[in-house]
Amino acid sequence: MTHIKIDEGLFLVIGGSFPRCNTLVAIDEEVVVIDPGCNVEDLRALLQQNDLTLRNIDTVILSHIHPDHITHTMRLNRLSNCRIAANEVTAPLFDDKEKMKEFLGFRKGHPVRKLWEQLVNSKMYGALDEGHVDEVLRDGDKFDLGNITLQMLYTPGHLPDHMCIEILESNIVYGSDIDLTEFGPYYGHPNSSISDFKESIHKLQHNNYKALISGHLKEPIIEDYKTALSAYQRQFDIREDMVLAAIMGGAISIPEITMNPIIYPSLANPVFLQFESWMIEHHVESLLTNGLLEKDNSGKIRCP
Ligand SMILES: [Zn+2]
């Protein structure tokens with residue numbers, strides 16, 4: 001089964017773990033596709049079962065700028081001339097892919113940029129296509145589709161532009177990359193933020209949804225999402241302990257800490273080593289801020 005019905009007119013096409021993501025589809029007075037990162041053929045099949053085609057898509061909404069979430073946006077736009085909607089942080093990045101690359105840390109001349117582009121083009125082909133956002137959304141904005149109302153909920157941290165989307169009538173939230181995977185939270189870019197991520201998790205925990213829809217799980221509807229979010233959040237502490245252990249074991253810099261993988265199981269691919277380094281950097285910064293680590297005059301990291 002490649003898709004599931006969540007509620008009347010509301011479906012999820014299962015895309016799975018990175019580099020594919022789950023795609024939320026609302027079929028109402030309008031046909032809205034959120035985060036078109038799933039296999040296009042699976043999306044086509046779902047629409048066909050509802051007597052629709054890809055050409056009937058009216059709107060694509062993007063939860064944030066990550067390539068696995070925006071992959072097929074421009075392909076769908078070329079087919080259906082659908083409008084593209086994204087929040088005020090995502091929109092300028094989608095409109096200028098050079099800005100998107102800088103936002104993700106891969107400025108021109110960055111040593112891993114070419115390998116990252118190759119990864120995107122081989123696994124998420126189309127994500128770097130130039131395009132234009134037609135409708136800029138803000139926190140709390142509502143999308144009224146007739147029987148279904150979508151509401152934007154800013155949840156930065158994973159990236160500064162990350163947002164969840166609430167489905168008001170169903171009292172369900174699409175969590176996007178607050179995805180409750182075993183991997184845990186991802187904050188592998190220079191502008192990701194552990195403290196913002198934790199605040200966003202708290203925001204979801206304080207709302208009483210019937211369920212959270214994960215952007216990446218194969219079994220994506222999580223009813224007991226508050227317990228799952230607590231376990232997900234513990235990954236921050238587990239990783240922080242491992243960073244401290246590496247420093248107590250003699251590591252004095254980020255490259256030395258990443259000699260042994262903490263977050264990814266293997267760091268043979270330079271792109272994943274870069275993501276791991278950025279995530280470890282966020283932990284070191286947070287430990288320095290909290291006084292659990294210090295830097296000596298030569299910049300070496302150590303325990304006080
Ligand atoms: Zn993401």
Side-chain angles (χ1 to χ4, degrees), residues 12-24 33-38 60-73 84-94 97 99-106 112 116-117 119-121 123-128 133 137 139 152-165 173-201 203-204 212-218 220 222 229 232-233 235-236 239 263-264 269 271-272 274-279 282:
L12 193 74
V13 183
I14 307 298
S17 56
F18 175 83
R20 286 225 172 105
C21 82
N22 297 329
T23 296
L24 189 62
V33 171
I34 297 165
D35 284 0
C38 69
V60 168
I61 301 178
L62 306 174
S63 69
H64 64 298
I65 198 65
H66 261 150
D68 53 329
H69 289 252
I70 69 171
T71 312
H72 303 300
T73 306
I84 300 168
N87 70 49
E88 57 203 316
V89 188
T90 309
L93 308 171
F94 187 84
K97 294 301 185 301
K99 279 194 186 145
M100 168 214 198
K101 290 173 192 176
E102 283 170 21
F103 182 80
L104 296 176
F106 297 109
V112 180
W116 174 79
E117 285 173 342
L119 174 76
V120 173
N121 283 328
K123 306 276 189 192
M124 296 155 265
Y125 187 74
L128 300 178
V133 168
L137 304 167
D139 192 26
M152 310 305 131
L153 179 73
Y154 278 19
T155 45
H158 170 74
L159 274 173
D161 69 327
H162 185 271
M163 66 176 185
C164 296
I165 295 170
V173 64
Y174 167 64
S176 190
D177 271 340
I178 302 180
D179 59 7
L180 301 177
T181 54
E182 268 182 45
F183 176 87
Y186 174 90
Y187 34 95
H189 298 285
N191 57 6
S192 302
S193 159
I194 291 176
S195 56
D196 287 355
F197 208 137
K198 285 180 178 173
E199 265 182 47
S200 292
I201 288 173
K203 200 187 271 190
L204 295 182
L212 179 147
I213 303 170
S214 163
H216 287 288
L217 285 175
K218 291 274 181 202
I222 313 297
L229 278 171
Y232 190 68
Q233 178 160 347
Q235 287 293 331
F236 289 115
R239 292 165 178 174
I263 291 149
Y264 284 90
N269 182 330
V271 178
F272 293 107
Q274 180 62 73
F275 292 155
E276 171 113 357
S277 299
W278 279 328
M279 287 171 80
H282 289 303

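All values reported here derive from a predicted model rather than from experimental measurement. Atoms within a ligand are numbered from 1 in the order they appear, just like the ligands themselves.
The atom name of the N/O/S atom in His64 closest to the Zn ion (ligand 1) is NE2. When the Zn ion (ligand 1) is compared with the N/O/S atoms of His66, atom ND1 turns out nearest. When distances from the Zn ion (ligand 1) to the N, O or S atoms of Asp177 are compared, OD2 comes out shortest.
Taking 2.8 Å as the criterion, His69 does not count as a coordinating residue of the Zn ion (ligand 1), since none of its N, O or S atoms falls below it.
Remark: Lys99 is not positioned above the aromatic ring of Phe103, lacking an NZ or CZ atom under 6.0 angstrom from the ring centre and at most 45 degrees off the axis.
Note: Phe183 and Phe18 fail the aromatic proximity criterion, with ring centroids not under 6.0 Å apart.
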**Request:** Evaluate ring pair (Phe, Tyr, Trp, His ring centres under 6.0 Å) for Phe236 paired with Phe197, printing each intermediate quantity in order.
**Result:** CA-CA 10 Å; Phe236 289 115; Phe197 208 137; 5.6 Å; yes
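His189 pairs in a ring pair (Phe, Tyr, Trp, His ring centres under 6.0 Å) with only one of the listed residues (His158, His66, His162), which is His66.
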